[in-house]
Amino acid sequence: MEGAELAGKILSTWLTLVLGFILLPSVFGVSLGISEIYMKILVKTLEWATIRIEKGAPKELTLKNSASVGIIQRDESPMEKGLSGLRGRDFELSDVFYFSKKGLEAIVEDEVTQRFSSEELVSWNLLTRTNVNFHYISLRLTMVWVLGVIVRYCVLLPLRVTLAFIGISLLVIGTTLVGQLPDSSLKNWLSELVHLTCCRICVRALSGTIHYHNKQYRPQKGGICVANHTSPIDVLILTTDGCYAMVGQVHGGLMGIIQRAMVKACPHVWFERSEMKDRHLVTKRLKEHIADKKKLPILIFPEGTCINNTSVMMFKKGSFEIGGTIHPVAIKYNPQFGDAFWNSSKYNMVSYLLRMMTSWAIVCDVWYMPPMTREVGEDAVQFANRVKSAIARQGGLTELPWDGGLKRAKVKDTFKEEQQKNYSKMIVGNGSLN
Amino acid sequence: MGSRSSHAAVIPDVDSIRRETGFSQASLIRLHHRFRALDRNKKGYLSRIDLQQIGALAVNPLGDRIIESFFPNGSQQVDFPGFVRVLAHFRPVEDEDTDLDPKKPEPLNSRRNKLHYAFQLYDLDRDGKISRHEMLQVLRLMVGVQVTEEQLENIADRTVQEADEDGDGAVSFLEFTKSLEKMDVEQKMSIRILK
């Protein structure tokens, strides 16, 4: 009996503290500075750890660092030069040398495969999961690491799980309640309040520290917001600073409940799985949405899949065919405090969220960029590439022309046909054969 | 990539691989790292699908033949030694390689072995000869649908005739080597791994 009473008291004190220090400030969008203090301590600790590690093993580090720059010497000359000939020259047995060399070079190193696994860190950040090359350095470091494990799993994890739970329940309940009201500006204001509060709570559930830059370019109503994609958390990060209408498939389970609740309070665009295949239908609905200037800006991730935040891959042209103003946003995570990339082939959603909640923190920068529209004479693909370059430049990411779909599917045959065409022109060329 | 370190100790039989292929320890560590990155499901070996997913290889007209070269003798899996053995053909020829002990087997990156690798890409049934039919098939791989059957047959006929010396209608490895004796094979079929 006594035990149960004691447990009850602890639980209620705990909840009151959480309510007072975290939930209430979230409603008003105020910060009490607790997370800033946490981050300062964390940064100091990691700096100390880095110095200790560098003192302990300088040779190992240099080998690791050079692995991230190219590992083979590349000759990027075009096919004509590589085949040592002029145009219209005939086929030679030695042509195979060029193709086999290029093929083997791709096997040893290619730009795409590495983008689908987590970024390597320059120095260890005291998390077991990033401990690739670092072995025992000193007793003090190991003790700090042990302390870190205890803090993360026993203190932070329960807190974060509580917050996440509260955040999601509030979202569902809040939006359902707001959805009962008739359409009015009061309803919109309340729905915004509910969305923002719940997102702030969820961000705190991840110990997120987000820096927003250039807030004057925040996406406006009736526009389309476009951003690079690293994980499902991207949505949380963006919606903490403004409300968006989301686009996506209707899911089952918990996600489905959240989706159905959200759409009652404000118009998001959810598609059935069968509708997603019909591109015209999708485009039509999105066009209707942005035509209504009172509706919130649509949030779209044109890469179509999660990339590891070191580069930006091909933007699918579908989002750029709708018309309207595009507001690009660049999101860059700091991997030192926690790896936000969702490797969906390796981790499912639940283990991903657990990993997020047992990292130190999620730190990222969000840059809002000036709006862009399609210029005269520019087609959707060129426009998509222009926006992609702008986002890559702003976020300090490399730009790749490859399709993120390469994560799961094979590359399209059209690219191979291009190479075959080039080669055929060379050996058949002006048709001069004996 | 998880919490495994890329130390030489992790690579099984690293010394025998080093002797057989001539790669330095640092290069082997890098290649092992790459092997593990390509092995998406952590099986410990690579299958054809793992290699087909490399975008830059899939668009290579000879991509399928190159992938096939990793699976000799009808095998369906290639382990790390097998992987490195193929890559060793493309190791640049260095001075120390020319100073050979006649009792030791020829290094994998010798001119002869490089030529043999190229020969294999043509020799589909591995019978030691490139027949006109095989030449046609490989040419078809390289040009896709861009060239007519007639033009391709002309090219194949001409090439086989030029190289064929004993008139058996096929190109043997010796004839292949002879027709390429002026070619700077060492330079064209070398990939330098940066230190």
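The chains referred to below are lettered A, B, ... by the order of the sequence lines, with proteins before strands, and numbering in each begins at 1.
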Novice: Tell me, side chain or backbone of I49(B) under 4.5 Å from chain A's heavy atoms, or both, or neither?
Specialist: neither

Novice: Near K43(B) NZ, under 6.0 Å, is it more than 12 heavy atoms from other residues, nucleotides or ligands?
Specialist: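 Result for NZ/K43(B): enclosed.
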
Novice: So what's closer than 4.5 Å to chain A heavy atoms on L38(B): side chain, backbone, both or neither?
Specialist: side chain

Novice: Is F35(B) close to chain A through its backbone or its side chain, or both, or neither, when contacts mean heavy atoms under 4.5 Å?
Specialist: neither

Novice: Mind listing the closest non-hydrogen atom pair of A106(A) and R34(B) along with its distance?
Specialist: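 Closest pair (atom of A106(A), atom of R34(B), distance): O-NH2, 3.1 Å.
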
Novice: Drop me the distance from Q151(B)'s CD to S424(A)'s OG, to the nearest 0.5 angstrom.
Specialist: 9.5 Å

Novice: For the CG atom of N60(B) and the CG atom of L104(A), what is their distance to the nearest 0.5 Å?
Specialist: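 Between atom CG of N60(B) and atom CG of L104(A) there are 9.5 Å.
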
Novice: How about F97(A) and L115(B): do any of their side-chain heavy atoms sit closer than 4.5 Å?
Specialist: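 Yes. Closest side-chain heavy atoms under 4.5 Å.
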
Novice: Of the backbone (N, CA, C, O) and the side chain (C-beta and beyond), which part of L180(B) lies under 4.5 Å from a heavy atom of chain A, both, or neither?
Specialist: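 Contact with chain A: side chain only.
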
Novice: On a heavy-atom basis, which atom in Q420(A) and which in M142(B) lie closest, and how many Å separate them?
Specialist: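 Shortest heavy-atom contact: CG-O, 3.4 Å.
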
Novice: Please classify the contact of A163(B) with chain A as side chain, backbone, both or neither, using a heavy-atom distance under 4.5 Å.
Specialist: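 For A163(B), the side chain is the part near chain A, not the backbone.
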
Novice: I want to check something: taking the side chain as every heavy atom from C-beta on, are Y423(A) and P61(B) in contact at a cut-off of under 4.5 Å?
Specialist: no

Novice: What residues of residues 119-129 of chain B make heavy-atom contacts with chain A at a cutoff under 4.5 angstrom?
Specialist: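 Contacts with chain A: L121(B), Y122(B).
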
Novice: For chain A, which residues of residues 66-73 of chain B have at least one non-hydrogen atom nearer than 4.5 Å to it?
Specialist: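 Heavy-atom contacts from residues 66-73 of chain B to chain A are I66(B), F70(B).
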
Novice: Kindly compute the distance separating CG (L87(B)) from CD (E105(A)), expressed to the nearest 0.5 Å.
Specialist: 11.5 Å

Novice: Under the side chain to side chain contact (heavy atoms under 4.5 Å, CB included) test against I191(B), which residue among K101(A), K102(A), E109(A) passes?
Specialist: K101(A)

